[in-house]
There are 2 protein chains.
Amino acid sequence: MTQSTEDLLELDQQVCFALAVASRNVIALYRPILEPLGLTHPQYLVMLALWGKAPLRFGEVAELLRLDPATLSPLIKRLEQSGLIERHPVAGDERTFALVPTEAGRALREQALGVPPAVIEQLGMPIERLVALRDELTAVIDATDPVK
Amino acid sequence: MTQSTEDLLELDQQVCFALAVASRNVIALYRPILEPLGLTHPQYLVMLALWGKAPLRFGEVAELLRLDPATLSPLIKRLEQSGLIERHPVAGDERTFALVPTEAGRALREQALGVPPAVIEQLGMPIERLVALRDELTAVIDATDPVK
DNA sequence: CCTATCTTGTTTGTGCACAAACGAATGTGT
DNA sequence: ACACATTCGTTTGTGCACAAACAAGATAGG
């Protein structure tokens with residue numbers, strides 16, 4: 001049977017609002033856990049990317065994290081100022097640069113290993129539900145990704 | 001069979017990252033649709049609340065939308081400046097105030113009726129998937145709500 | 001009363017998200 | 001070689017999110 005228009009409108013509100021609130025809440029969950037590392041959540045994501053593979057060019061990081069260059073640019077500067085990463089020239093293209101964790105940045109990885117378990121524990125949700133959530137979110141991202 | 005510890009660690013990062021990206025993408029989907037109404041997404045949520053029930057006290061709006069007073073306060077001022085809402089004194093408590101849509105604010109509701117269908121259409125996701133997503137998000141919000 | 005405490009909204013400061021305009025380097029067509 | 005377009009990161013301006021400090025009104029205890 002068909003859903004009424006009102007149901008659709010209601011559902012839409014709930015989904016979008018729930019998405020925004022859930023995102024803020026989960027990031028808020030990270031905050032006290034990341035605070036001892038001196039990282040915000042977006043900064044943590046940049047470090048994760050560089051811990052996984054380095055060097056990465058500025059544009060590669062932006063694409064990986066789906067961050068606007070205008071957002072990433074000052075963020076990178078703060079991470080440099082914290083002494084966690086540094087930029088190196090890329091041979092053959094003076095427009096861009098590559099990012100690499102410093103010694104301190106690599107050392108921070110040890111502490112960061114404790115972050116995911118702490119978050120999962122505080123979330124207290126069964127794994128199946130997290131998997132289901134991730135799959136639904138992936139569908140939304142695919143349906144909305146401006147990159148296509 | 002059992003999941004490896006590495007999988008679990010990755011799952012946490014995937015869920016949180018997907019949550020942040022999906023939230024940003026969906027709000028970005030609203031942006032061009034709300035632009036003709038002269039509203040940002042948070043402003044749209046405030047208007048939705050007031051279209052549903054008015055007057056609402058400042059604190060009630062903050063609680064409904066799960067917004068920090070420090071975030072809501074300037075947002076309200078912008079909506080007043082746009083001529084869409086106005087504040088009225090509350091008898092018996094001079095600390096707070098009540099919010100009500102102006103004539104222009106009420107008129108805007110007509111245009112706003114077209115917003116949810118436009119969003120759902122652009123999302124292009126089957127209803128079942130939206131329902132599943134909403135259920136998972138609700139679980140996350142319950143697990144993370146600081147208000148508890 | 002009247003003082004101490006609690007509520008409630010505002011202000012200030014930092015960081016993120018994004019649009020628009022910009023400037024410098026690279027690439028392309030002729 | 002040269003003019004033109006494209007790519008790439010930065011800068012500026014606006015708005016949101018949140019912590020911390022604040023101020024004014026309400027409330028409770030003595």
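Side-chain proximity of Glu94(A) to the nucleotides dT11(D), dA25(C), dA17(C) is greatest for dA25(C). Among the nucleotides dT10(C), dC18(D), dT11(D), the one closest to the side chain of Phe97(B) is dT10(C).
Within the 4.0 angstrom heavy-atom criterion, no nucleotide atom of any strand lies near Ile27(A). Nucleic acid contact for Thr40(A): sugar-phosphate only, since backbone atoms but no base atoms lie under 4.0 Å from a heavy atom of the residue. Residue-level contact check: Pro42(B) touches the backbone only, with heavy atoms under 4.0 Å from sugar-phosphate atoms and none from bases. Using a 4.0 Å heavy-atom distance criterion, Leu72(B) is classed as making no nucleic acid contact.
For the pair Asp68(A) CG and dA21(C) C1', the interatomic distance rounds to 13 Å; values are reported in whole Å. The nearest whole Å value for the distance from the CG atom in Leu45(B) to the C1' atom in dA17(D) is 14 Å. Here dC18(D) presents its P atom at 13 Å from CG of Leu29(A), a figure rounded to the nearest Å. Atoms CG (Asp93(B)) and P (dA26(D)) sit 5 Å apart, rounded to a whole Å. Whole-Å rounding puts the Glu35(A) CD to dT14(C) P distance at 16 Å. If you measure from atom CD of Glu80(B) to atom P of dT10(C), you get 9 Å, rounded to the nearest angstrom. Between the CD atom of Glu63(A) and the P atom of dG9(D) there is a distance of 11 Å, given to the nearest Å. The interatomic distance linking Leu67(B) (CG) with dT8(C) (P) rounds to 17 Å, in whole Å.
Under the 30°/60° scheme for interplanar angles, the aromatic rings of Tyr44(B) and Trp51(B) are found to stand perpendicular.
Residue whose closest nucleotide on DNA chain D sits further toward the 5' end, between Gly59(A) and Pro74(B): Gly59(A). Where Arg24(A) and Arg57(A) meet DNA chain D, the nucleotide closest to each residue was compared, and Arg57(A) sits on the side nearer the 5' end.
Between Lys77(B) and Glu80(B) there is no salt bridge, since no side-chain nitrogen of the basic residue lies less than 4.0 Å from a carboxylate oxygen of the acidic one.
OP1 or OP2 of dT11(C) sits under 4.0 Å from a side-chain N or O of Lys77(B). Put simply, Ser73(B) has a side-chain N or O that comes within less than 4.0 Å of OP1 or OP2 on dT10(C). Phosphate proximity of dA19(C) to Arg31(B): present, with a side-chain N or O under 4.0 Å from OP1 or OP2. A sub-4.0 Å separation between OP1 or OP2 of dT10(C) and a side-chain N or O of Arg87(B) is present.
Remark: the Arg95(B) side chain and the dT7(C) base include a donor-acceptor N/O pair separated by less than 3.5 Å.
Annotation for Leu123(B) and Ala143(A): closest pair O-CB, 3.4 Å, computed over non-hydrogen atoms. Closest approach of Gln13(B) and Pro116(A) over heavy atoms only: NE2-CG, 3.8 Å.
The structure places CG of Leu56(B) at 10.5 Å from CD1 of Ile85(B), a figure rounded to the nearest 0.5 Å.
Annotation: side chain of Leu39(B) is in contact with side chain of Leu84(B) (closest heavy-atom distance under 4.5 Å).
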